[in-house]
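Computed from heavy atoms alone, side chains included, the values below leave out hydrogens, waters and symmetry copies.
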Amino acid sequence: MAEGLFITLEGIDGVGKSTQAQLLVEYFTEKGCNVVHTFEPGGTKLGQSIRRMLLDPENQQLAPVTEILLYAADRAQHVAEVIQPALAQGKVVVCERYIDSSVAYQGYGLGLSVDMIAAVNKLATDGLEPNLTICLDAEPETALARVGGDRIEKRALSYYERVRAGFLSIAAQNPQRVIVVSAEGLETEVAQRVQRSVVGRLAQ
């Protein structure tokens, strides 16, 4: 059983997850917490190799099921090597992306079975779920203007509209865990929204 606090940040590419994760880490650190900042895919040495395969624009032939399994393999190693040990030590873990990304991107985005994705990831993570998820939300057309164009980011706007709808659907189905926060505006404004949401939920 996890003893620490596991917070994930989700949302489509370009909404500022990395920036807001770092600002949230700084917030918890200032409060005296021992914090681990990590991300998926690629949060371990093995995961870095998987990340390169997943995001390389040259790998357009990657089958959707292969994509799911590679993300799950990355996640299994990440949970075993980074997340669970940190939680067992009572640390706060702030993670960019987790299972919700697989459900949104490969389920809602690519049309794969959400039940299959959930089953694969339950195996990969030994059932570990976040205590809290912040879903940063923005219009795909606006968010994608900020990204560099890896294999996933090169997909059509319509794909990202489905992914965004997926994240919002996940939030609606899991109101006790997921809080949707607007990613529009200045980084400091978004950070304030994130911190208010986290503090408000943890106080409940």
Side-chain angles (χ1 to χ4, degrees), residues 1-44 75 78-105 108 118 121-122 125-140 142-143 146-147 160 163-204:
M1 177 69 76
E3 298 174 1
L5 178 64
F6 184 21
I7 300 176
T8 56
L9 281 85
E10 296 283 6
I12 64 171
D13 294 277
V15 293
K17 289 181 296 298
S18 295
T19 297
Q20 293 307 320
Q22 182 57 47
L23 292 172
L24 191 57
V25 167
E26 292 172 6
Y27 171 80
F28 275 110
T29 301
E30 289 172 359
K31 297 297 182 183
C33 299
N34 195 336
V35 190
V36 172
H37 179 192
T38 189
F39 62 94
E40 294 185 355
T44 64
R75 188 163 293 131
H78 191 211
V79 168
E81 185 178 329
V82 178
I83 299 175
Q84 274 288 23
L87 293 175
Q89 294 170 20
K91 297 178 182 179
V92 175
V93 176
V94 175
C95 182
E96 301 169 36
R97 297 200 182 285
Y98 194 57
I99 298 172
D100 292 335
S101 279
S102 290
V103 174
Y105 277 77
Y108 287 86
N121 278 279
K122 185 174 183 179
T125 65
D126 196 25
L128 178 66
E129 295 185 357
N131 299 103
L132 177 63
T133 297
I134 299 296
C135 180
L136 296 168
D137 182 55
E139 293 287 344
T142 302
R146 309 169 187 166
V147 302
Y160 275 95
V163 173
R164 182 197 186 194
F167 277 122
L168 295 177
S169 179
I170 291 167
Q173 294 168 31
N174 299 274
Q176 297 305 309
R177 174 176 65 83
V178 186
I179 303 174
V180 178
V181 175
S182 172
E184 304 287 353
L186 299 175
E187 291 176 356
T188 52
E189 295 172 339
V190 179
Q192 289 174 354
R193 292 179 205 134
V194 170
Q195 291 169 15
R196 283 197 301 268
S197 297
V198 169
V199 172
R201 183 56 57 88
L202 295 180
Q204 294 179 1

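A distance-only check finds a donor-acceptor pair linking the side chain of Ser197 to the backbone of Arg193 [under 3.5 Å]. In this structure, the side chain of Lys91 does not engage the main chain of Cys33 through any donor-acceptor pair within 3.5 Å. For the pair Gln20 (side chain) and Ala191 (backbone), a donor-acceptor distance under 3.5 Å is present. Side-chain N or O atoms of Asn131 include none that pairs as donor or acceptor with a backbone N or O of Ile7 at under 3.5 Å. Looking at Arg97, its side chain does come within 3.5 Å of a backbone N or O of Gly11 through a donor-acceptor pair. Checking side-chain atoms of Arg201 against main-chain N and O of Gln176 turns up a donor-acceptor pair under 3.5 Å.
For Glu189, there are no salt bridge (Lys or Arg N to Asp or Glu O under 4.0 Å) partners at least two apart in sequence or on another chain. Residues passing the side-chain contact (heavy atoms from CB on, under 4.5 Å) test with Asn174, sequence neighbours excluded: Ile170, Arg177, Val178.
To the nearest 0.5 angstrom, Ile83 atom CD1 is 9.0 Å from Thr125 atom OG1. Rounding to the nearest 0.5 Å places NZ of Lys122 at 10.5 Å from CD1 of Ile99. Within the model, atoms CD1 of Ile134 and NZ of Lys17 stand 13.5 Å from one another, a figure rounded to the nearest 0.5 Å. Atoms SG and CZ, on Cys95 and Arg75 in that order, are 8.0 Å from each other to the nearest 0.5 Å.
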Let's go through Leu202 and Leu5 carefully: what are the C-alpha distance in whole Å and the side-chain angles of both, what is the deciding distance for side chain to side chain contact (heavy atoms under 4.5 Å, CB included) to 0.1 Å, and is it a yes or a no? CA-CA 10 Å; Leu202 295 180; Leu5 178 64; 3.8 Å; yes

Does the pair Tyr108 and Val103 meet the rule for a side chain to side chain contact (heavy atoms under 4.5 Å, CB included), with working shown? CA-CA 7 Å; Tyr108 287 86; Val103 174; 3.8 Å; yes

Taking it one step at a time, do Leu23 and Val194 satisfy side chain to side chain contact (heavy atoms under 4.5 Å, CB included)? CA-CA 9 Å; Leu23 292 172; Val194 170; over 6 Å; no

Which is it for Val15 and Phe167 under the side chain to side chain contact (heavy atoms under 4.5 Å, CB included) test, yes or no, and what are the steps along the way? CA-CA 13 Å; Val15 293; Phe167 277 122; over 6 Å; no

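The two residues Val190 and Gly185 have their closest heavy-atom pair at CG2-O, 4.2 Å. In this structure, Val35 and Phe28 approach most closely via the heavy-atom pair CG2-CB, 3.6 Å. Shown here for Ala143 and Ile12, the closest heavy-atom pair between the two residues is CB-CD1, 3.8 Å. Of all heavy-atom pairs spanning Tyr98 and Glu10, the tightest one is N-OE2, 2.8 Å. Across all their heavy atoms, Ala183 and Ala138 have their closest contact at CB-CB, 4.2 Å. Asn121 approaches Ser102 most closely through the heavy-atom pair ND2-CB, 4.1 Å.
Counting only heavy atoms from C-beta outward, the side chains of Val199 and Tyr27 approach each other to under 4.5 Å.
Here the rule is side-chain contact (heavy atoms from CB on, under 4.5 Å) with Leu9, and of Val94, Leu132, Thr133 only Val94 fits it.
Judged purely by distance below 3.5 Å, without hydrogens or angles, the side chains of Glu96 and Ser18 pair a donor atom with an acceptor atom.
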